[in-house]
Student: 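Pasting a structure here, questions to come.
The chains referred to below are lettered A, B, ... by the order of the sequence lines, with proteins before strands, and numbering in each begins at 1. Just so we're clear, the structure is a prediction, and the values are computed from it rather than from any experiment.
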2 protein chains.
Amino acid sequence: MATRMDVAKLAGVSPSTVSRVINDSGYVAAEVRERVLKAIRDLDYIPNRMARSLKMKECRQFACVIPSISNPFYHEIVMGIEETALQNGYTFSLYNMGSEKREYFKLVLEGFYDGLIFLSPFEVAQVLSLEEISRKIPTALYCDHRISYVVPHVYVNLKLAMKRNVEALIQQGHRRIIYLGQEWDLQLEGSRYQGYIESMADAGLEVLPDMTQLVPNLLDTLMVGYERTKSLAAVTRDFTAIVASNDLLAVGAIRALVESGMRVPSDVSVTGIDDVEIARLMTPTLTTTRIPKREIGNTLVMMLLDQIRNEHTANSSIEFSTEIIFRESTSYHPDKREDTGV
Amino acid sequence: MATRMDVAKLAGVSPSTVSRVINDSGYVAAEVRERVLKAIRDLDYIPNRMARSLKMKECRQFACVIPSISNPFYHEIVMGIEETALQNGYTFSLYNMGSEKREYFKLVLEGFYDGLIFLSPFEVAQVLSLEEISRKIPTALYCDHRISYVVPHVYVNLKLAMKRNVEALIQQGHRRIIYLGQEWDLQLEGSRYQGYIESMADAGLEVLPDMTQLVPNLLDTLMVGYERTKSLAAVTRDFTAIVASNDLLAVGAIRALVESGMRVPSDVSVTGIDDVEIARLMTPTLTTTRIPKREIGNTLVMMLLDQIRNEHTANSSIEFSTEIIFRESTSYHPDKREDTGV
DNA sequence: GGTCGATGTGGTCTCGAGGCCATATCCGAG
DNA sequence: CTCGGATATGGCCTCGAGACCACATCGACC
């Protein structure tokens, strides 16, 4: 790899002049500039980013950590992030938290990035203190409920979204509604599970043990939703609806129901949350909650830029609203068996 | 941020000694080592990666460029890449090619990465010469057919896979089979489209203009498959099968058929390629071609490591085999209308 | 004709960590 | 007692690019 020095020698000028040509700063005679540009072309010279970043103490790159690359919910957020980052002259790279979490956090703290975005901070919090990270490097979080940390974040109220889902089902005549979610739902205030519990209680409905179906935290995949529902259906069919904490689990659940001989929605209604693309291109289409994913991505980047440019961490906390979308996977009064005493 | 010098001062030693402690190299007295470690803790010192990489001329990081983050086909390859990379002490970051391609390639050439993986090199080739890149930095490609470049690559023969799909459908009695794929299929030797054309010709079946449905290159999403099929169904229903060039297009197509009142598979059979997770968790489940995605990811990283460690670019080209998986979306003899003269 | 400002170019220190080389001390063998 | 190797530590140059400062030169204007 050619260096600035090589270019300087070939063009018969000093390294400083090469820098001036590259960065278009200071005075350079037109004729000299041409000579330097030619030398750059001839040597195929590309400035070394490591060196530049070391000197400048900025690298114009963000990192984004996602819990799982296979959940399409994150994809659109990522596209929003990319969009705004590129517009502002930053690139960003994506880290999948699947396996070795610690490895990646190290990278971040080692100064490889100017800012850091976490989508869903729960897994992270178990490894490192988010507040600690955010004191060292501009940070922005997305989460599914308001958080109390002093870290800038964007959130949506998914407890509320879940309440709406449950209430809609209750209003449609459902009584025995299964909750399909992830284990950490139990530990969190303001979680989707809390919304479920409250709505059931408000309607005077009992939540039996079987009705809470939780899968391990990081495994919110299609397959896990499928397997959990399959085993549930093998044990009991005494339910008429499933509220899943996200669309992937819901999609898996629907397939499990079909294979178990239960029709959706005529036997069982199913709702998800996220409104990923597949939700309206599957059969049956999925009733779910729309989240403004692209806008969330845009906003997260703006939060980082704000911290970088203003040198202060405004403790910002921005809420986005959500909207329930009714589709084919839910239907009215499917709980006829109970009404007719069968 | 504390530097090595700060640590050295606090511990009352020289920067060299601090380096020796950190890298566990050379001789350091036990007592001094303790003092240095304490200083590191007290100052919360983390070595600066930029500086280290600049000096070492390696950064132990790979970049992986994917055409589209929303295609789950790539997710499992990415997980395979991650697995092998971490095992060997490398991290890697993911770039979504969606928008500003050039930006990312620049980063790579600027020495931010020790190696580079392209999943699907076609988009790339339109921006930069892959051979040129691979001369400057260790590179590995995944592609869907054998390529002639002098760049290490892993490939599967998807022309063959498509031939198998088409032939299976023909054997099941189908005659009017639609090809749903991407535009660049037309320009490539050994493409899936070639497989379709050949199989149809071999069986003496004519490919009418309407039977080739191509969507823009980078947009191989659910929605595009849906829309294209929807408009097709609005124009003609004179077909009994669709072979899609990947699962996403197939999933979109199936929904479009359902909405157009055509049942799958009893009216129309559909096949995909890739065997993404949703293929066996949707209704109907999708007949498709399994590709060993995780192994491909593992191998791509091994190819990079080989180049780095051996300092020579063995012109390696490794083929993985694929396997057709029959599921619910295809069925025998659906073309009864023709047989009975209707 | 001297001064000042615009134009143009090079020298050199800097960012932070790696690591070679010089140096110093100590201990045991001869 | 001396020499050599093991142990231990510091000095300083290096990686490649940024940028300040010094130093030219030139033209214009008083």
Student: What's the shortest heavy-atom distance between B:L116 and B:I133, and which atoms?
Tutor: CD2-CG2, 3.6 Å
Student: To the nearest angstrom, how far is A:L54 atom CG from C:dG18 atom C1'?
Tutor: 13 Å
Student: Using whole Å, report how far CD1 of B:I22 lies from P of D:dT9.
Tutor: 15 Å
Student: Starting at atom NZ of B:K9, determine the distance to atom C1' of D:dG10, rounded to an integer number of angstrom.
Tutor: 15 Å
Student: With nearest nucleotide decided by heavy atoms, which residue, A:M50 or B:G12, maps closer to the 5′ end of DNA chain D?
Tutor: B:G12
Student: Once you round it to whole Å, what is the distance between P of D:dC15 and CG of B:N48?
Tutor: 18 Å
Student: Starting at atom CZ of A:R52, determine the distance to atom C1' of C:dT14, rounded to an integer number of angstrom.
Tutor: 16 Å
Student: So which heavy atom on B:F320 is nearest to which on B:I296, and how close?
Tutor: CD1-CG1, 3.9 Å
Student: Report the C-alpha distance between B:T91 and A:Y95 in whole Å, list the side-chain angles of each, state the deciding distance to 0.1 Å, and finish with yes or no for side-chain hydrogen bond (donor to acceptor under 3.5 Å, both in side chains).
Tutor: CA-CA 9 Å; B:T91 52; A:Y95 290 106; 5.1 Å; no
Student: Please report, rounded to the nearest Å, how far the P atom of C:dG8 is from the CG atom of A:D24.
Tutor: 13 Å
Student: With sugar-phosphate meaning primed atoms plus P, OP1 and OP2, does A:V32 contact a base, only sugar-phosphate, or nothing at under 4.0 Å between heavy atoms?
Tutor: sugar-phosphate
Student: Kindly say if B:S14 contacts the phosphate of D:dG10, meaning a side-chain N or O under 4.0 Å from OP1 or OP2.
Tutor: yes
Student: Would you mind checking if B:D24 and B:R33 are paired as a salt bridge, meaning a charged N to carboxylate O distance below 4.0 Å?
Tutor: yes
Student: Measure from the side-chain heavy atoms of A:T17 and tell me the nearest of C:dA17, D:dG16, C:dG10.
Tutor: C:dG10
Student: Over how many whole Å does the gap from B:I40 atom CD1 to C:dG16 atom P extend?
Tutor: 16 Å
Student: Rounded to the nearest angstrom, tell me the gap between atom OH in B:Y27 and atom P in D:dA6.
Tutor: 7 Å
Student: Let me have a per-nucleotide readout for nucleotides 19-27 of chain C, 5' to 3', with B, S or -, counting only protein heavy atoms under 4.0 Å.
Tutor: B--------
Student: Tell me whether A:E31 is salt-bridged to A:R35, with the criterion being a basic N under 4.0 Å from an acidic carboxylate O.
Tutor: yes
Student: Can you check whether A:P47's main-chain N or O pairs, donor with acceptor, with A:R4's side chain at less than 3.5 Å?
Tutor: no
Student: Taking only side-chain nitrogens and oxygens of A:K57, does any of them come within less than 4.0 Å of OP1 or OP2 of C:dG16?
Tutor: yes
Student: Answer with base, sugar-phosphate or nothing: what part of the nucleic acid does A:V18 contact at a heavy-atom distance below 4.0 Å?
Tutor: nothing
Student: Crowded around A:K38 NZ? As in, over 12 foreign heavy atoms under 6.0 Å?
Tutor: no
